[in-house]
Structure formats: C-alpha cells, structure tokens
There are 2 protein chains.
Amino acid sequence: MQLDERKKKILQAIIRNYLETGEPVGSRTISKYTDLNLSSATIRNEMSDLEEMGYILQPHTSAGRIPSDKGYRFYVDAMMEEKDREIEEIKEVYLEKEDKMDLLLKQVAKVLAQNTNYATMISAPQYHRNKLKFIQLSRVDEHQILAVIVVEGNVIKNHLISVDEGLSDETLLKLNILLNTNLNGLTLEEINLGTIAVLKQQAGIHGDIVSEVLDAVAEAIRADEDLEIYTSGTNNIFKYPELADNQKASELITTFEEKQSLGTLVQETLADENNTGIQVYIGNESPIQSMRDCSVVTATYELDEGMKGTIGIIGPKRMDYDKVIGTLKTMMHQLDDLYKKK
Amino acid sequence: MQLDERKKKILQAIIRNYLETGEPVGSRTISKYTDLNLSSATIRNEMSDLEEMGYILQPHTSAGRIPSDKGYRFYVDAMMEEKDREIEEIKEVYLEKEDKMDLLLKQVAKVLAQNTNYATMISAPQYHRNKLKFIQLSRVDEHQILAVIVVEGNVIKNHLISVDEGLSDETLLKLNILLNTNLNGLTLEEINLGTIAVLKQQAGIHGDIVSEVLDAVAEAIRADEDLEIYTSGTNNIFKYPELADNQKASELITTFEEKQSLGTLVQETLADENNTGIQVYIGNESPIQSMRDCSVVTATYELDEGMKGTIGIIGPKRMDYDKVIGTLKTMMHQLDDLYKKK
DNA sequence: TGTTAGCACTCTTTTGGAGTGAGTGCTAAC
DNA sequence: GTTAGCACTCACTCCAAAAGAGTGCTAACA
C-alpha cells in the first residue's frame, strides 16, 4: 500500500494532535481538525489502512489511535526534511558567561531543561589528538614533588610524588629539562618502551620519579575515558504520565544518576557523523535500554578543534520535537558565540 | 501521664512492627506479638493513652496506629542509649582501595546505598586552616603562563594566564621568588591590601600578572564554598510507597540532583558537634524542606586533621535505624583503616 | 483497681453491576 | 470513492452493598 498525500496529512494530523493532548485520537477529531473536509467514516477507513501499514496503533479495540515508533519516525523525518526551515525564532535561551568549563556546562544543561521541560544531559568535551605540551616538576616540601602536566587543549593534571630524601634544585632542573626535551609534542602512542628506557637511564638514580611521572602522563592523556556528564531536570519526567510510573521512573532516574550508561549515548552520537549534527532516537532506536519509552534528541557541539561533546534531551516519545530541535540549534549558536568571544 | 515500662514496651512493639510492615498496627497484633500476655482490650487502653501523649497517631478512626515523629524520636533515642551496643556485627561493607578521592567517595556512597536500600550522599572533605603552601609560575607557550597553587592539605589549583609579550626565564624566576617569599604560609585573611600593594610595587610592569595570581589564590583558598557532593541510590526511594508518589518523589529527586540544598544538611551536621558523630533527623527535624517525610541519618568522617566530610542516608521515617547506624559505623571504621594504610 | 470479653460502631477497601461515552467496523446507499 | 447509520466494544465512572480491620465503651471478673 502507498502512503499517498492524503494519508500523510491524516497521519500528521493524528501525531500533532497526540503530541498536544497525549490522548488517543479518534476519527471524528481528525475530521473536524483538518481542512480535508472528509467525514469521520472516511477517516476511519484511512486510519485502518495506516494501522495496517504500522504507522499508528490502537491501545484497545474501542479507542482512538496513537502513533507507533514508525509513525513518529515518519513525522520527525518529514519535519527535518523541510530543510528550508526558516531561521528558527531565537527563543530566549540565555547563557551567562562563565569562566569555568564545568559551570558553563551545568548551566547549559539547566537552561535547556527549563526551556524544554524535559530531562537534559551534556558531556564535557573530549579531547582528541592529545599531545603532551609541557611538564613541570617542583618541590612542594621536603618530601613531596609536584608534577604538573599540560596537554594540548590546555588540560592540566597535577600529581604529587613522595620522595624519601630531598632533591637539590639542580637535580630538579635537570629532570625538568630531561623530561621536557624528550617528551614534549608526543602522543601516548609515541611514548614507547624505547623512549622510556632512554629516559630512565638518563635519570639515573631518579628513575623512580620518572616512572611515576610517566604514569601520570599516561593518565592525563587518556583522561577522556571517564568522561564527565552533567544532567539537569531529571524531575521533568514526572510531568509525563507515560514515564512517571514507578518502575519506569526508577529506571530512568538510575540511568541519570549513574551517568555511566549515558556515555554510550555520547559515543553513539559522536560516532554517527551525519550532516545536520542533530539526531533523534525514538523508543528502541536509543542505545539505552531504560529509554525505550522515551525519545532522545542529541546534538554534537564543538568548542574548539577536536573538542567535541554531546548534548542530549530526553523526554516522552510525544515530545515537542519541533521546539526541542529549535532550542538545541539556538543553544549551539549561543555556545559558538560565547566561546569565540572568550 | 507517665511513660511507664509497659507503655514503653508497647510503644516499641508498635514501632518495630510498623518499621517492618509499613501498615498501621492494631491492638490484636500487639497482644499476640509481645510477651506481655495482655488482651487486645488492655492494649487498646494503653494505645489510647500513648496517642493522647502524642507518641502514636491514627490515620483514620477505624485504623491501627502509626508512630508520630515524637514516637520515632523516643525509639531512636532509646536505641542510641543502649550504648553498650555490642560491637556491631561487621556487615559486609567492602571498600576497595582507590587512589583518587572522588572515586573513593563515589564508591562509599554506592556501597552504602546497596547495603541499606536507601538513598545516600557524601560530601567531599572540606579543608580548614587553608594556608598557602607553594606557588609556581611556568611558561606553557609564547602567550600563556601557568600558575600552580598548592594549599595546605595538598589541594592543588591551576590557573592559566594570558600574556601579550613573552616573559624571559629570568623574569619568571623573579616573580616566582617574589610570590613565594611574600605569600607562603599565609591564610586568606592574612593577605591584606598592604601585602598586595607591596607585591604589586615590586612586580613593576608585571603587576597585572600578580593581580591575576592573587585572584586565583583567593579562589583556591575559599574553594570549599562550592563543596562537592556525591549521591547514590536515589532510585531506592521508589521502594517505599510513602515516598514514591509523584509529587514527593519529584521533589526528592530534584534535591538530589541539585546537590546544592544537600549542602545545608552538611553544614548542619558539621556544626552540631555531638559525641557519637551520628545524628538522626526525623521528619521536620531535617533542615531540608523536601525531606519532611523522610528520616536522615548522618555521620561525620575525618580523614586527616581538619579534613571533615559528611555521609548521609535518606529513607522513609520507618527506616531500619538499627541497621543503618550499624552500617554507617562500620563504614567509618573502614574509611579510617583505608586512609591510615595509605 | 487493673484486666478482659463482648458488642456496637466507624471507616476503608473490595466487589460487582449499571450506565455512559468515545470510538470503531461494517453495510448499504449516494 | 464517500458517507450516513447502526451495532458493538471497551474503558471509565458511579453507586451500593459487603467484607474486614480496628476502635471505644461498658459491664463483669479476679
């Protein structure tokens, strides 16, 4: 069977109505709602077809229809396709300038949650091409050396090293020069056993310190493994009865608290390089089990070359996709502006 | 009216039974439950007295009794009083050694949540007596200077400073010496306008850099204002019907997500210096509005001199106080052991 | 005087049946 | 191809009756 123009119109009308009300939509409603001038009986026939095709379904025999995942998918795709989607009205999404990255990210999550009334998450940018930029050892007190490691992208890591006997300023200077000369500009892969052996040999009796510094360097460079994720507006899920029953809410809350599994969503989004930068996961399309009754809209942001992160908005399947996508886009622009000004 | 021995026994029996079942307790149940060998009629008379005294209350006329906040308070106090509370059985609370503080804290929260089936929170230790220990400026590249600030307790803070023209190694060395000589060992209060003026004057044309470093120092020392709080097991609240209705659950979840207000709980606990280190807040006794239907058990831990933090367990009023307090104590010991071994 | 049996009473919860309303599917006519 | 009409389905609401848990009170007992 074909999805002709009329069926499309009816399907869209059903979905739009359902998005608003959250109640199954009957044939009479559509008959009055649209400008098709068809009787409810005709609509019923069409709806019967649409159901057969899998776009809509009936919660029970004598109820109206609600969209299926396939129906939502059609709707979202159609919406995204109208790519001449005029400059989306700049909704009031205001970010205040924040000098600390984590505060900025928390703020983004919060502002989005407040604007959309859905739950939100944002991952801190992951750094790629991580080269070592600078190492500095300094004496903090008699028995402690502080190693400061700066990685490209200005990620800074500190590491304290305990030493038995004090080191002279001279030794410290030598070690500093040794480390910087040999390591700067290298990536984790480039620091191989050869480099390490040379370093240790040259360090002589201070080989232990070099080892410890190298461990810290390794950790600094692959620090993006445990990626930081901030969430906001988790409580919004209670605004949607279809998510608010104890079982589902509990699972969702757990997912949001143990940010871990949200990571898979981030990976998925970053991996899937599509054109617009906005992706929609409906129901089971989402990689996260507990979100099978949700829709997830994600966007990838890029602050600086290689510094990419993911923003996600999680709500019921009948979320206001139009508004969410608009808000997300606006937010991206704001982030861009903010970051470039800095 | 007096709370004689028999009344106490009956009150405890009521509370214990209610803790288990969560259902109002009737006179017949108590008559069979206890070893008092009293008929239900007698119990009824006693219950009537207890209600008049405010220890228990009736949800409605023809229902059994449930403990009031005052009743819980009596129960908890009585429990805490048996201070010869034998070495509480070491429940299996296992912490794995973690080198990173934040991971350790997250683990503590998680383990507690799993063991008790309640929601938990833990605040990162707050540092007091914050003296400046060490400052180090180093050049990262042509236009950036990295300031590393170490505060007593080995809290480290990094701050990047942009400079227009490059600084010579010599200048940097001078600045380092200048800063360290004048600032080390001082607290925030001790760095006054006088010190600042002297510093700036001596720094000459590099006064800007000194200002920026001072700002960073100030921030490092009072960093404990935005204290870090980790939570776990928020979803456990769904296990208790009296907390699981949407309205309450939503409020609680919000409290846990916006860790901010949990801070007041931490402050409260740290301020109230009592003997055992364990405190119980029942219902409205808690400083947090959204926890008026909960009980909160808190403990203060101290890893090192002046490094204090708070652990909190949040559950329904009918929580298993005995077990919670036992588990908390065990956890404190484990933390002690772990930290001393390191 | 404290304890108990007995009974009327209260109030919640469960059950089931009747009624209502929204909506469908089918058929026959236009 | 479209529509009016009608029988039918099913969730939901309402109500009344019944069941069940528990109380308070009274009178009797040791």
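Residue numbering restarts at 1 for every chain, and letters A, B, ... go by the order of the sequence lines. Heavy atoms only: backbone and side chains are in, while hydrogens, waters and symmetry mates are out.
- Taking atom CD1 on B/Ile14 and atom C1' on D/dT23, their separation rounds to 13 Å, with Å as the unit.
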Where protein sits on nucleotides 25-30 of chain D, one letter per nucleotide: B base, S sugar-phosphate only, - none, heavy atoms under 4.0 Å: B-----
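- Checked by atom type, the side-chain pair B/Ser295/B/Tyr321 shows a donor-acceptor distance below 3.5 Å.
- For residues 231-254 of chain B, the pairs satisfying ring-ring contact (aromatic ring centres under 6.0 Å, His included) are B/Tyr118-B/Tyr240, with sequence neighbours left out.
- A salt bridge links A/Arg73 and A/Asp77; the closest N-O separation between the charged side-chain nitrogens and carboxylate oxygens is under 4.0 Å.
- Salt bridge annotation for A/Glu251-A/Arg292: present, with a cationic side-chain nitrogen under 4.0 angstrom from a carboxylate oxygen.
- In summary, the side chains of A/Thr310 and A/Thr298 do not present any donor paired with an acceptor at a separation below 3.5 Å, with no hydrogens or angles considered.
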List, one per line, each side-chain donor-acceptor pair under 3.5 Å for residues 50-60 of chain A, sequence neighbours excluded.
{"from": "A/Glu51", "atom 1": "OE1", "to": "A/Arg65", "atom 2": "NE", "distance (Å)": "2.9"}
{"from": "A/Glu51", "atom 1": "OE1", "to": "A/Arg65", "atom 2": "NH2", "distance (Å)": "2.8"}
{"from": "A/Gln58", "atom 1": "NE2", "to": "A/Thr61", "atom 2": "O", "distance (Å)": "2.7"}
{"from": "A/Gln58", "atom 1": "NE2", "to": "A/Ala63", "atom 2": "O", "distance (Å)": "3.1"}

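- Contacts of residues 19-40 of chain A with DNA chain D (heavy atom under 4.0 Å): A/Asn37, A/Leu38, A/Ser39.
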Salt bridge (charged side-chain N to carboxylate O under 4.0 Å, His left out) between B/Lys317 and B/Glu242, intermediate numbers included: CA-CA 9 Å; B/Lys317 286 188 200 170; B/Glu242 60 264 55; over 6 Å; no
Footprint string (nucleotides 13-21 of chain C, 5' to 3'): B base within contact, S backbone only, - free, heavy atoms under 4.0 Å: ---------
Pair assignment for DNA chain C - dot-bracket with | for other-strand partners, Watson-Crick or G-U under 3.5 Å: ||||||||||||||||||||||||||||||
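- Checking D/dG24, C/dT24, C/dT3 against the side-chain heavy atoms of A/Met47 singles out C/dT24 as nearest.
- When only modelled atom types and interatomic distance are considered, A/Arg44 and A/Ser27 share a side-chain donor-acceptor pair under 3.5 Å.
- As a whole-Å value, the separation of A/Leu57 CG from C/dG23 P is 16 Å.
- Among the atoms of the strands shown, only primed sugar atoms or phosphate atoms (P, OP1, OP2) are found under 4.0 Å from some heavy atom of A/Thr61.
- Within 6.0 Å of NZ on A/Lys239 lie more than 12 heavy atoms contributed by other residues, nucleotides or ligands.
- The one candidate from B/Thr330, B/Leu328, B/Thr327 that meets the side chain to side chain contact (heavy atoms under 4.5 Å, CB included) condition with B/Asn115 is B/Thr327.
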